[in-house]
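Heads up, the thing below is written out as structure tokens.
As the structure lists them, so they are numbered: ligands from 1, and atoms in each ligand from 1.
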Amino acid sequence: MHDAINNKPVDSPEPRGLGRRHFINSAALAGLALGAAACAEKKGEAAAPAAASGATPAAGDHGANATHLKPGELDTYYGLWSGGHTGDMRVLGLPSGRELLRIPCFVPDALVGWGITNESKAIMGTRPDGSLRYTVADTHHTHASYKDGDYDGRYAWINDKINSRIARIRLDHFVCDKITQLPNVQGFHGIFPDKRDPVDPAINYTTRVFCGSEFGIPLPNTATEDHTQYRSMFSCVDAETMEVRWQVLLDGNCDLAATSYDGKLAATNQYNTENGARFEDMMSAERDACLFFNIARIEAAIKDGSFKTIGKSKVPVVDGTRAANKDPRTALTAYVSVPKNPHGVNASPDQKYFICAGKLSPTASVIELAKVLDWFDGKLEKIDDAVAAEVEIGLGPLHTAFDGRGNAYTTLFLDSQVVKWNVEKAIAFHKGDKNAKYVVDRIDVHYQPGHLNASQSETVNADGKWLAVGCKFSKDRYLPVGPLHAENEQIIDISGEKMVLKADHPVRGEPHDFIIFKRELLKPKQTYALDDFPNAIKDPKESGVFRQGRKVTVKVTSQAPTFSLREIKVKKGDEVTLILTNLDKIEDLTHGFAIPNYNVNFIVNPLETKSVTFIADEVGVFWCYCTHFCHALHLEMRSRLIVEA
Ligand code: RUQ
Ligand code: CUA
Ligand code: CA
């Protein structure tokens, strides 16, 4: 026996409260419910052979290392994935790789009405005429807030490279609640939250998010053609207010970012220390840098007033250039030399190292954080002595993940491989022990991997169970669907000595970075509370059409299968603000609200309130209807907008 709506066995436990399934069963017409159940069973049958013929699931693949979950089984990890140029965040269950949600951030979304409702537009940003300022984005990196070196389930952040915006996601509701545009930077790429305060030991959680910018621009921005005058900056955003706290002017550029577990250091890799404007120039030098920031000193300098501001921005900018930071005892920044055009920089879970991947060099550089701090204290003569190892690992190394057992896993873009290597053995080899075999294993991936990450990788609780790899090309791995190929994400079991490829997942381009963490770390709420919204309509009796001159406020509530107003009468030319509160409090009982010809469609989840504003410029009858299947009488759930001449 299967549930009509959820297609899961009806004897599976309900998480809490009265589920939508019970609601449907008690309220729906029996005949309709049976019809839907038949559909669901058919789908189940169709899915079964596909799963059985899937990539490489071994026979009886239902143990601890299974990626194929049985119907009704829950994943053990959450994954937060960057959506790429769809401008959203993807939420996956791991190890199955099933996509659970897309959280719209920077780009409108027709399911939830992101970019349609007044509340989402206020977060996204509008022009004076009320239209959205931006409708394109390019997300790359996503990271979540920390406490005591592990995720605390409060927030996640994601970048938009095109318009240099950072979005915050509340992990209780899985919604974007704030977006900030960074001033005076372009190509905002790397992002990483700090893990504790560098000075105050009581602040053992994230309060800052660091943002690197790839593209130098004239400061302030003018039509200057001489690129030698272009500059990049490293920005710090306040995790709570989402305001930009400060920026650091620097030499070269910023790409990805990493932060230390003690809160004292942040770093960014620099592939364009040449400050070149053409790609030949950007790869002309044999070595570039990994640039370190001394957070406590930067904030002390700002307190002392040693900063300037640029253009209209009021954000304090400190000087992090090489020339201004020669004396280690006062330096705000330190430029560690690494080979040609490095890419990812990642913090090892033992808290000791940042690993900078070589990209154009077949090497990984292991930078020892204690030594970087020694240099800032005047105890290390040359900053480059902080490099504990610079070892060959393969062609095109990009990003590194960790298993918590001393091993690093780095994607090799050109080799189409992941290489597993032991960090301490690499250090021994670098020191001269030529018998130290630091490469442990290699595995082919399909094809050209970019990001990878392991379960709990960049936390003190790295558990070395699963590794996901984002492959930029899928080539022959899936049925052809025209010129645009799916990308290929692969799941690798890293619990043993050898890596084992377990599954392929097609994914719409282009997802980039992600994190994977234990499901116990999140406590999402499955309904809203009426008080979450200042404009909530708490009682259907408050519904109505309220006129103030040409401005009309329509207050409506939804309770399956009806809206509180059957007719909504307005006059042509009115500015109509429609507020809808969903008074259904049952989990999963979402309603939609669409108005034909008015470009309105959005959903309201249990006890959620949303509003839209539009000019009633077309006379006639418009059937507002529920777009989200909620009830046996879902199709009947309508009301009429009547716009009179
Ligand atoms: S970068 S493939 Cu946009 Cu994350 Cu390395
Ligand atoms: Cu309400 Cu469908
Ligand atoms: Ca370079």
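- Counting atoms of ligand 1 from 1 in the listed order, those under 4.0 Å from a heavy atom of His343 are 1 (S), 2 (S), 5 (Cu).
- Within a 6.0 Å sphere centred on OH of Tyr598, other residues, nucleotides and ligands contribute more than 12 heavy atoms.
- Note on atom 3 (Cu) of ligand 1: protein N/O/S atoms under 2.8 Å are His140 ND1, His189 NE2.
- In terms of modelled atom types and a separation under 3.5 Å, the side chain of Gln490 and the main chain of Val469 share no donor-acceptor contact.
- Residues meeting the side-chain contact (heavy atoms from CB on, under 4.5 Å) test with Ser337, sequence neighbours left out: Arg287, Asp384.
- Within the listing of ligand 1, atoms 1 (S), 2 (S), 4 (Cu), 5 (Cu) sit less than 4.0 angstrom from a heavy atom of His399.
- Screening Ile579, Leu565, Val612 for a side-chain contact (heavy atoms from CB on, under 4.5 Å) with Val554, the sole residue that qualifies is Leu565.
- For the Ca ion (ligand 3), the neighbouring protein N/O/S atoms at less than 3.0 Å, given as residue and atom, are Tyr271 O, Glu274 OE1, Glu274 OE2, Met282 O, Asp288 OD1, Asp288 OD2, Asn341 OD1.
- With Phe563 as reference, Phe593 is the one residue of Tyr625, Trp623, Phe593 to meet the ring pair (Phe, Tyr, Trp, His ring centres under 6.0 Å) rule.
- The side-chain contact (heavy atoms from CB on, under 4.5 Å) check on Asn325 picks up Ala331, Leu332, Thr333, with sequence neighbours excluded.
- Stacking of Lys420 on the aromatic ring of Tyr409 is not recorded, the 6.0 Å distance cut-off and the 45° axial limit not both being met.
- By the 6.0 Å contact criterion, CG on Asn599 is open, its count of non-hydrogen atoms from other residues, nucleotides or ligands being 12 or less.
- Under the 3.5 Å distance criterion, the side-chain polar atoms of Asn253 are left unmatched by any main-chain donor or acceptor of Ser232.
- Looking only at atom types and distance, the side chain of His451 has a donor-acceptor partner in the side chain of Asp513 under 3.5 Å away.
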